[in-house]
Amino acid sequence: MLKATDLYCERDDRVLFQNLDLELSAGQVLQIQGSNGSGKSTLLRVLCGLNTDYRGTICWQGTPVDQVRADYCRGIFYLGHAAAIKKILSPVENLRWFCAMQGTVDEKAIKAALSESGLRGYDDIPCFMLSAGQQRRVSLARLHLSSARLWLLDEPFTALDHRGVGELESFLTAHVQSGGAVILTTHHPLQMACEVRVVNLDDLALPLETERDV
């Protein structure tokens, strides 16, 4: 599904990662680990096309992504570290906007997504009145409305309570078991009923001075 070869990225005179190879097929979960500032979020942004300041090759289903950009964008869903919702809008309004961007607004599907995300009864409340955990659930509800096979999730468990963490783990498991795939960053120890492969970016960092000396 996705293959990255010999990725290299630096920031502020420091190599975040180099010689990084990734390969992900349907039914797999890849967890990106590393200390704060190691480049986890940067890597996800590189993989989803939001950051082009890197070297290396990224292929989607065997073809470089720059040759199949439209197909690639349709095939992935990226969820950043921030909730990325309009707080003046209600959960329903936020999801309507998301669905409109996808081309179809299905009111029943939106209601179901909010219910499955634990937001029943909060549909029409402005998001600024919700807790941080509830705002995160609004953001995550978009996963229920996405047809993308590959999900790239940056710290998706942020602000969730213990129950929310378990529900999200089960949901991600169901997605990969139905033929999807997930790449995520998290400090949370995952407990999922499927194999989780781990890449630690701390093992791939190199001070820029060292690289230049070499």
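These figures come from a predicted structure and were not determined experimentally.
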> Test your reading of the model: is there a side-chain donor-acceptor pair from D106 to the backbone of K108, 3.5 Å cut-off?
yes
> What residues, two or more places apart in sequence or in another chain, satisfy ring-ring contact (aromatic ring centres under 6.0 Å, His included) together with F171?
H144, W151
> Taking the basic N atoms (NZ, or NE/NH1/NH2) and the acidic carboxylate oxygens, is any pair closer than 4.0 Å for K111 and D123?
yes
> Using the rule given for side-chain contact (heavy atoms from CB on, under 4.5 Å), can you reason through L140 versus R136, listing the C-alpha separation, both sets of side-chain angles and the distance that settles it, and then say yes or no?
CA-CA 6 Å; L140 291 168; R136 172 61 60 174; 3.8 Å; yes
> Between R137 and E116, is there a salt bridge with N-O shorter than 4.0 Å?
no
> Less than 4.5 Å apart, any side-chain heavy atom of S90 and any of C127?
no
> As an exercise, state the distance from CG of L20 to OG1 of T5, rounded to the nearest 0.5 Å.
9.5 Å
> Under a single-linkage definition using a 4.5 Å side-chain heavy-atom cutoff for Ile, Leu, Val, Met, Phe, Trp and Tyr, are V29 and L44 assigned to the same hydrophobic cluster?
no
> Examine F157 and V176 and state if one hydrophobic cluster contains both, with Ile, Leu, Val, Met, Phe, Trp and Tyr joined whenever side-chain heavy atoms are less than 4.5 Å apart.
yes
> Return all side-chain donor-acceptor pairs below 3.5 angstrom for residues 181-191, not counting sequence neighbours, or 'none' if the list is empty.
unit_1 : atom_1 : unit_2 : atom_2 : d
T185   : OG1    : D154   : OD1    : 2.6
T185   : OG1    : E155   : N      : 3.0
T186   : OG1    : H188   : N      : 2.9
H188   : NE2    : E169   : OE2    : 2.7

> First locate atom CG of N200, then atom CG of D203, and finally report the distance between them rounded to the nearest 0.5 Å.
4.5 Å
> Which is it for L7 and R55 under the side-chain contact (heavy atoms from CB on, under 4.5 Å) test, yes or no, and what are the steps along the way?
CA-CA 6 Å; L7 292 185; R55 297 200 299 266; over 6 Å; no
> Starting at CG of D202, measure out to OG of S35 and round the result to the nearest 0.5 Å.
3.5 Å
> Taking the side chain from Q134 and the backbone from L119, do they hold a donor-acceptor pair closer than 3.5 Å?
no
> Pairs of donor and acceptor atoms involving the side chains of residues 62-89, under 3.5 Å and at least two apart or interchain, shall be tabulated with distances.
unit_1 : atom_1 : unit_2 : atom_2 : d
D71    : OD1    : R74    : NH2    : 2.3
Y72    : OH     : L47    : O      : 2.3

> Kindly give the heavy-atom pair with the smallest separation between G37 and L16, and that separation in Å.
O-CD2, 3.6 Å
> Is the backbone N or O of A148 less than 3.5 Å from a side-chain atom of S146, with the two atoms forming a donor-acceptor pair by type?
yes
> Please give me the minimum heavy-atom distance between I58 and Y54, naming the atom from each residue.
CD1-OH, 3.6 Å
> Is V138 linked to L172 within one hydrophobic cluster, defined over Ile, Leu, Val, Met, Phe, Trp and Tyr using a side-chain heavy-atom separation of less than 4.5 Å?
yes
> For E23 and L2, run side-chain contact (heavy atoms from CB on, under 4.5 Å): C-alpha distance rounded to whole Å, both residues' side-chain angles, the deciding distance at 0.1 Å, then the answer.
CA-CA 6 Å; E23 190 166 352; L2 182 72; over 6 Å; no
> To check you understand the geometry: which heavy-atom pair defines the closest contact between I125 and G121, and what is its length?
CD1-O, 4.1 Å
> Once rounded to the nearest 0.5 Å, what's the spacing between atom OG of S41 and atom CG of L50?
11.5 Å
> In terms of hydrophobic clusters joined by side-chain contacts under 4.5 Å, are V196 and I32 together?
no
> Could you go step by step and tell me if L201 and Q33 meet the side-chain contact (heavy atoms from CB on, under 4.5 Å) rule?
CA-CA 6 Å; L201 295 187; Q33 290 185 341; over 6 Å; no
> Filter on ring pair (Phe, Tyr, Trp, His ring centres under 6.0 Å), then keep only pairs touching residues 108-134, sequence neighbours left out; what's left?
none
> Sequence neighbours excluded, which residues qualify as side-chain contact (heavy atoms from CB on, under 4.5 Å) partners of R120?
S115
> Look only at the side chain of N51 and the backbone of R45, and say whether a donor-acceptor pair between them is shorter than 3.5 Å.
no
> What distance separates D53 CG from T42 OG1, expressed to the nearest 0.5 Å?
9.5 Å
> Using modelled atom types only, decide if a donor and an acceptor are shared between the side chain of K3 and the backbone of Q61 within a distance under 3.5 Å.
no
> Looking at residues at least two apart in the chain, or sitting in another chain, which of them share a side-chain contact (heavy atoms from CB on, under 4.5 Å) with R96?
V92, E93, V105, E107, I110
> Quick one, N19 and D6 - any side-chain contact, counting heavy atoms below 4.5 Å?
yes
> If every non-hydrogen atom of A109 is compared with every non-hydrogen atom of L145, which pair is closest and at what distance?
O-CD2, 3.5 Å
> List the atom of S178, the atom of H175, and the distance in Å for their closest heavy-atom pair.
OG-O, 2.8 Å
> If you define the side chain from C-beta out and look only at heavy atoms, does anything of Q31 sit under 4.5 Å from R197?
no
> With rounding to the nearest 0.5 Å, note down the distance linking CG in L30 to OG in S25.
11.0 Å
> Any side-chain to backbone donor/acceptor pair from R142 onto S139? Under 3.5 Å, distance only.
yes
> When you group the ILVMFWY residues by side-chain heavy-atom contacts below 4.5 Å and let the links chain together, are L24 and V46 in the same group?
yes
